[in-house]
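One structure below.
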Amino acid sequence: MKLKLHVWRQSGPHAKGHIEEHLLDNVSPHSSFLEMMDQLNEELQSKGKEPVAFDSDCREGICGSCSMVINGRPHGPWKGTTTCQLHMRAFKDGDEIWIEPFRAKAFPVVKDLVVDRGAFDRIVQAGGYITVRTGSAPEANLTPIPKSDADTAFDAAACIGCGACVAVCKNASATLFLSAKVSHLAHVPQGEPERMKRVKSMVAQMDAETFGACTNTGDCTQVCPKEIGQNHINTLNREYLRAISFDNSNASANTGSAG
Amino acid sequence: MFPSAVGSKLLMAATGLAILLFVLGHLAGNLQFFGGPDVINTYALHLRDLGPLLWVARLGLLAAFALHLSLAVSLTRRNSLARPEGYAFQTDFPQSSVASRHMWLTGWLILAFVVFHLAHFTFQWTHPEYRELHWKASDGREGHDVYSMIIKGFSQPFLVGLYIVAQVFLWLHLSHAVSSMLQTLGLKNPRNEKLLDLAGPVLATIIFVGYVSIPLAVLLGVVKPIVISSG
């Protein structure tokens, strides 16, 4: 396959970026999107040029490292797929492909296609944890959980924190991500002790990170590689309403480490 | 303290629900037009008789509108600041409806219509001659002739067009708003999800048809003005 690539290049966080064009030949339709990027970088390096910086780690769709907005879609055209699991057979010979970083104020560009998603880590630090007794593991069947709750919690726990939801949202909102974390722990008894404080702290942290608000347009679920549903946003709203109505403990956003 | 993004949306949904209930109540009142002059004019008389209660409802509605608007301003500002640099390659949105992406625009257009509508029928600033219309029922009750005012108002094709266009914007706004409000209030569950997603478009369509039926009925001559027979 022969491709024309339009890639976002930006030398550093404060540098001015631009779209750069590259022609790439002999791309195998069997290669993954990231392998195609590796091929591009090898060519660039052989010509003594700076390779394109992009995030990747596991390359099997479970770590949430790879990002990229491909032809306007985070993780490209396939549903329920990360960029690393997208294969070049999704494209045709002669196609033009636009490759851009995830765009959000809370996700500043580090270099080229690499963005800093530390904002997600700080949201999780604000409340995405549970109180456990460390040491010997408890008996597995001691805490019964209804099947439907376990299933819902597991659906939410599938979130890999890649940030595609933010990238596609017209408001650059992190609500789907936040809702997955809140819904996951709200459906299991282990999440009970911090239930109220968690949702308040995580919502406050999302605000502090300058993400937008949710308009319930549903675009996030469509591009989510783990297909996290809108039902978790519904749960988040209910949990938050309950917490602000019945819980008096103070939630504080961790603004100190932001940025 | 200013509410969080999630808290703002909860208030947005609650005030939106209050306005929606008014829109439905107002529609139920307006449809009494089809019952004839005595029915709608008696209804108008009863509304006036509520006295202080009417003002409580009016002020409550005004407060809901004011809160809904100020939250729209702060949320839209927050949202536009969240993405300073957009994408070079524009493509179709994966799912979101046109209505859901233009709530800001349709909201302002509806406000502009509401202001005109108040000046037209409520305060009658645009048409002071409406104030002269007087109704007297056969049983002696009398008051403002709302029935004739509606007939006069909607005999002008330009005004009918304006009202219908406004209802299109209201339809767009509500087709997203109602389902969105139900999700924001946390009322959806896997069992009712499909039903609640349909609630927006269905309710918006019912409201559209209901409101549009009145000016159209007048303009097309389905409903006739009161004829005072002369001996």
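A note on names: the letters A, B, ... follow the listed sequences, proteins ahead of strands, and every chain is numbered from 1.
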| request: Quick one: which residue pairs count as a side chain to side chain donor-acceptor pair (under 3.5 Å) with a foot in residues 45-61 of chain B, not counting sequence neighbours? | output: none
Side-chain donor/acceptor pairs under 3.5 Å, residues 161-172 of chain B, sequence neighbours excluded:
residue : atom : partner : partner atom : Å
B:Y163  : OH   : B:H117  : ND1          : 2.9
B:Y163  : OH   : B:H120  : ND1          : 2.7
B:W171  : NE1  : B:T205  : OG1          : 3.0

| request: Tell me, for A:L241 versus chain B, whether the close heavy atoms (under 4.5 Å) come from the side chain, the backbone, both or neither. | output: both
| remark: Most heavy-atom pairs under 4.5 Å with chain A, out of B:G186, B:P94, B:A5, belong to B:P94
| message | If you count every heavy atom of other residues, nucleotides or ligands that lies below 6.0 Å from A:F154 atom CZ, does the total exceed 12? | response | no
| said: Test: salt bridge (Lys or Arg N to Asp or Glu O under 4.0 Å). Region: residues 206-215 of chain B. Which pairs qualify, not counting sequence neighbours? | reply: none
Would you list the atom pairs in which one atom of chain B and one of chain A form a donor-acceptor pair under 3.5 Å?
residue : atom : partner : partner atom : Å
B:S4    : OG   : A:Y240  : OH           : 2.8
B:A5    : N    : A:D207  : OD1          : 3.3
B:A5    : N    : A:D207  : OD2          : 3.1
B:K9    : NZ   : A:C214  : O            : 3.1
B:R78   : NH1  : A:D207  : OD1          : 3.0
B:N79   : OD1  : A:A213  : N            : 2.7
B:A82   : O    : A:K105  : N            : 2.7
B:R83   : NE   : A:R103  : O            : 2.8
B:R83   : NH1  : A:C169  : O            : 2.6
B:R83   : NH2  : A:R103  : O            : 3.1
B:R83   : NH2  : A:V166  : O            : 2.7
B:R83   : NH2  : A:A167  : O            : 3.0
B:R83   : NH2  : A:C169  : O            : 3.1
B:Y87   : OH   : A:R103  : N            : 3.0
B:Y87   : OH   : A:A167  : O            : 2.7
B:A88   : N    : A:E100  : OE1          : 2.6
B:A88   : N    : A:E100  : OE2          : 3.3
B:F89   : N    : A:E100  : OE2          : 3.0
B:Q95   : N    : A:D219  : OD1          : 2.8
B:Q95   : OE1  : A:Q222  : NE2          : 2.6
B:Q95   : NE2  : A:T217  : O            : 3.4
B:S96   : N    : A:D219  : OD1          : 2.7
B:S96   : OG   : A:D219  : OD1          : 3.4
B:S96   : OG   : A:D219  : OD2          : 2.8
B:H176  : NE2  : A:T215  : O            : 2.7
B:S180  : O    : A:N216  : ND2          : 3.0
B:S180  : OG   : A:N216  : ND2          : 2.7
B:Q183  : O    : A:N237  : ND2          : 3.1
B:Q183  : NE2  : A:N216  : OD1          : 3.0
B:Q183  : NE2  : A:Q230  : OE1          : 3.1
B:T184  : OG1  : A:N216  : ND2          : 2.9
B:G186  : O    : A:N234  : ND2          : 3.4
B:G186  : O    : A:R238  : NH1          : 3.0
B:L187  : N    : A:N234  : OD1          : 3.3
B:K188  : N    : A:N234  : OD1          : 3.0
B:K188  : O    : A:N234  : ND2          : 2.5

| task | Hey, can you tell me if B:Y211 and B:H26 have their rings parallel, tilted or perpendicular (30° and 60° cut-offs)? | result | tilted
| note | From the list A:C220, A:A104, A:G218, the residue making the most non-hydrogen contacts under 4.5 Å with chain B is A:G218
| request: Kindly say whether the aromatic ring centers of A:F211 and A:F107 come within a distance under 6.0 Å. | output: yes
| query | Does the separation of the ring centres of B:F154 and B:F121 fall below 6.0 angstrom? | reply | yes
| said: Contact between B:L159 and B:H127 at the side-chain level, heavy atoms closer than 4.5 Å - yes or no? | reply: yes
| said: Which atoms of A:V168 are under 4.5 Å from chain B, going by heavy atoms: the side chain, the backbone, both sets, or neither? | reply: both
| note | Bottom line for B:L81: the part with an atom under 4.5 Å from chain A's heavy atoms is backbone
